[in-house]
Each structure stands twice: as C-alpha cells, then as structure tokens.
Amino acid sequence: MTRYIFITGGVVSSLGKGIASAALGALLQARGYKVRLRKLDPYLNVDPGTMSPRQHGEVFVTDDGAETDLDLGHYERFTGVSARQSDNITTGRIYSTIIEKERRGDYLGATIQVIPHVTNEIKDFVLSDAGEGVDFVLCEIGGTVGDIEGLPFFEAIRQLGQELGPERACFIHLTLLPYIPAAGEMKTKPTQHSVKELRSIGIQPQILLCRCDRPIPENEKAKIASFCNVRPSSVIEARDVGHIYDVPSAYHEEGLDEEVLQHFRISDAPAPDLARWDGIAETVHNPDGKVCIGLVGKYTDVPDAYKSVMEALQHGGLSNNVGVEIKLINSEEFDDDTAPIDILEGVHGIILPGGFGERGARGKMRAARFAREREVPCFGICYGMQLSVVEAARNLAGIDGASTTEFGPTEQPIVGLMSEWTKGNELVTRDENTDMGGTMRLGAYPARLKEGSRVAEIYGTLEISERHRHRYEVNSAYVSELEKHGVVFSGMSPDGVLPEIIELENHPWFIAVQYHPELKSRPMEPHPLFASFIGAAVTQSRLV
C-alpha cells in the first residue's frame, strides 16, 4: 500500500521545503522503505526551462528529458532515486493538458472549471504510477499557503486527504519561528496564523516542522500544539544546521520520522541506519584539508543558478576527504580583454559551468586560457566546453575568426546549431521548432570514450550515459585540425558525429564535457569527473 505525505509551507518562502522533503525521504529509506518524491509548482510556466536563473535558480534535467525544479536535484542527491518527468508538474502544464483535452472534445461539451477539472488533473498527477513497490510518495507543494495561484493545489490535496483517509495521507506544514532580539523571545504567532490559513481551506496538518535558529522552549512547543491542534510531540524543531547533509540526522533526533510512522500506525519499522550520513557529516566538518575552486559564471549573484555544480564539487571533496571552498567569480568582470584577471590567481581549480548568450562568454574564454597556460586544473561543462574549444581554436590552432553562431554569423563556426552544418542526426530533434522551449537536446544520451584517454581511465569504462541540456554543438568538421594542436576529442556520440568530451594533452587536468555530469552526482556516489577534478585540485594546492 502506497502512502502519501504532503509537505506545505507557510509564513515565508525559501524555508527549505525541498531539503525537508528530501531529508524525510532519506530517513524513510534508512528504515528500509522505498520512496518517490514529487514537486507541484503553482506558477503558470509550463516548466522552468525558459525561466531566468536569477528568478528560479538552476533547471534540473532528468534522464527522460524533463526540465524541472531544482528541488528535484535535492530529492535525487538525498535519496539516490532518479527523478522522472512525472515527478514535477506546474499550473501551466495542468492548464495546457486541460485545454488540449477540451479542444479535442474529451469533456463532451462540459463547462471546464477549476473544480473538478483542474483539481482532478492535479490528483491524477499525484496518484500516477510511482513505480513498483513504492511505500511512500512525498509531494511538496511550492509556494506558501495563502498564495492565490496555489489554491487549486491545496484544494486537490485536501480532497486527496479525504479520499485516501488518514491511514494513507499525512500533512506536514513547514513554518518559521522567528526570534525577536529586542523582545528577547521566540514568536509563535506567524506559525499560528499560517496553520489557521491552512485549516481555513480544510487541511489540518498532523505534523509541524518549525524552522528556527535556536532551541524551541517546551512551553512554546505546548503553546503551538494547543493553538494548532496537534500533539506536542508533533511540533518538530527544524533548527539551522552547519551543512545540509546534517539535516537527516538532525530531523531524526527531533523525531520527525517517528511521528510520520506513528501517524500511519506503523509500529514495526526498523531503526534507521544513518551510518553513511554520519560518515558524510564527519568528513564535511573534519576534512583533511581544503581546496579553493574558482567558479566562473554569469549568474554568480544567484548561487542557486549553479546549485548542482556546487553540490557536485562538495561531493568531489567528500571523495578526497577535503573541504571545498567555492569562489564565485563573475565572468562579465573580465569580458574586456584589457580587464585584469588576477582574481584567478591562487585558486586550485577552475570550473566553467553551463550558460547561454554572449554576455560573460569572453570572460569564460579568458579563464579557460588562463587555466590552459598556467596549468591550473580546469573543468568545462556544456557552454564551458564550447567556449573552451573556441578558445583553443583561436589561440592554439590559430583559426582566425573561430566562434560560435550563438554570437551571430561567423565564417568559422566552431560551435553552432547542428542543423546549420549537418542534417539527419537522430540525436538532435526539433531544431526547426520555433518554440523556445523545444529546441534543446535534453535528457540522457550515450557516448563512447576513446580508449587510453584520461576520461576513460576516470570512468573505468568506454560506454557512458549522461544528461544534456543545450542547443548548440561543437562542429565535428574541426576535430582533425584541433587534434593537431593537442586537443583530444576523447568522447563522441555513438555515431561519431557529435563531440562530447575534450581533454588537453600535456596538461595536469583539463577536461570539458558537453553534458551536465553534476546532475548525476550524489554525496554517497560522487560523480567520477568531479572526484577526479577535486583530486587534481588537491595536487595543485601542494604546488602553489
């Protein structure tokens, strides 16, 4: 029997519903249960794919090619369960589906309404196939209670709570307990009002997860329980911790998983095995050393734009027993060739993450050249690979005018839309589509590695599958010329048409990939490229 846990938020946004959902999933897993996590986003966009990173953070891509909310990255990292397209829904997608059905006549002329048509579509999503043997489906509802755009979602889960009954449905509400220094006390009123708002639409939470920066006094827990109609033991302290990977153990100590099991009347659950989480926490807080990585990007004022990259770097640190200090560097600051680039002095590695557009691109190419000439370990990802190839074409191979058609027309299209220089490759679809959200190579694609290459050694295999999200490709017509100058194309698509990986000869560690390896990295299974990159940075730290 599959049970459903609905996680809602109140008071303010960004309290950490995604981390809380992921941590609870990890705790239930640690007790031997099989879980799946889903995210319901109330915004009108069909998906996050065309949203600005400054507003939304990164776009997390699944194996099956869905562009999803970044919280699905948390779900994967904490539970190791690969997310699917069916694990993220938005209001835009709900309405799009309903309108398509109405145009086809599926509703037989009925008047289409929020209730029941929109709510039914949301319920169908929640109850859709979670996979064989799944014990718990955790559904996070984006936004906060009271948001007008979220009302259909709250109504849908209210209905599910009635239809499934308490033996199969549990509601957890995440709120804020602010401490007012001038008054010298913690205030419970915001939580009371948030729960009151939730109850006014028919949802009585069984568990309250209260974010705070200090312990909650017992009398305050009793007060919250009394006013919010829950047991005192169901008021769970979610105090700030030193690192997000401390959260599962911290929540277990406060009894979150025990309260969930008690609600479902599960009395025979085994104790959770948190040894791996405790080991991760030990490494995080007591590393053998530290390395500094310069992350050169254009959205560095919004760190969530590179959330998975930053987490994967930390995973690489875990595999090398070192801490990783990430120095966020805005590539626009040295777009001008006359601008100093000394900000890169002293870093032990440089990472060039993905992106789009010309702004900040020249700064990334200058960073790639700095790493290449100074022999600093460098890791290019997606756009970072494309710009690394353009830089090498200009400054190693002497190809005047080498560029990417993303900047505009060029006589030397080192990088371009595949439809601009070849036709018929089945890997790239929808290039001719004018829909901005439908021109990408998305999801998992295979690649073959060159025998004897550095990446083949790192992966330990010649066949890999990695997740993609990009429109442009490196032009394979330039492969032979670039290889004459030490650029090794060590990974290609299975048909040999699309370059997937480059590495530089006679360099300590310079690898750039067309895909996004950060999306598959997990704390307990660091991606091999990130583990190797941080290992190279450790070696570099001993040289400087």
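Ion pairing of D47 with R93 is absent here, as no side-chain N (NZ or NE/NH1/NH2) approaches a carboxylate O to less than 4.0 Å. Taking 4.0 Å as the cut-off between side-chain N and carboxylate O, R467 and E76 count as a salt-bridged pair. Using a cut-off of 4.0 Å between Lys/Arg side-chain N and Asp/Glu carboxylate O, R31 and E258 are scored as salt-bridged. Salt bridge E259/R231: present, at least one basic N to carboxylate O contact under 4.0 Å. Taking 4.0 Å as the cut-off between side-chain N and carboxylate O, R36 and D87 count as a salt-bridged pair. Remark: D240 engages R211 in a salt bridge, criterion side-chain N to carboxylate O under 4.0 Å.
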Intermediate values then yes/no, ring pair (Phe, Tyr, Trp, His ring centres under 6.0 Å), H468 and Y445:
CA-CA 7 Å; H468 291 246; Y445 288 96; 5.5 Å; yes
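No more than 12 heavy atoms of other residues, nucleotides or ligands lie within 6.0 Å of CD1 in I148, so this atom counts as exposed by the packing criterion. For CD of E463, the number of neighbouring non-hydrogen atoms (other residues, nucleotides, ligands) closer than 6.0 Å is greater than 12. Counting non-hydrogen atoms of neighbouring residues, nucleotides and ligands closer than 6.0 angstrom, the CZ atom of R103 reaches no more than 12 such neighbours. Taking a 6.0 Å sphere around CD of E525, one finds it holds 12 or fewer heavy atoms contributed by other residues, nucleotides or ligands. At most 12 non-hydrogen atoms from other residues, nucleotides or ligands lie less than 6.0 angstrom from CD of Q162. Heavy atoms of other residues, nucleotides or ligands lying less than 6.0 angstrom from CZ of R276 number 12 at most.
Between H243 and H285, the ring-plane angle classifies as perpendicular under the 30° and 60° cut-offs. Ring geometry for H315 versus Y245: interplanar angle of 30 to 60°, hence tilted.
The backbone N or O of G357 lies less than 3.5 Å from a partner atom in the side chain of Y383, making a donor-acceptor pair. With D147 contributing its side chain and T144 its backbone, the two residues share a donor-acceptor pair below 3.5 Å. Of the possible donor and acceptor atoms, none in the side chain of K307 sits under 3.5 Å from a partner among the backbone N and O of D71.
Smallest separation of non-hydrogen atoms from V35 and V81: O-CG2, 3.8 Å.
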Output a table of donor-acceptor pairs, distance under 3.5 Å, between side-chain atoms of residues 260-272 and any protein atom two or more places apart or on a different chain; print 'none' if there are none.
| unit_1 | atom_1 | unit_2 | atom_2 | d |
| --- | --- | --- | --- | --- |
| H263 | NE2 | P166 | O | 3.0 |
| H263 | NE2 | A169 | O | 2.8 |

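Taking the six-membered ring wherever Trp is involved, the centroid distance between the rings of H173 and F6 does not fall below 6.0 Å.
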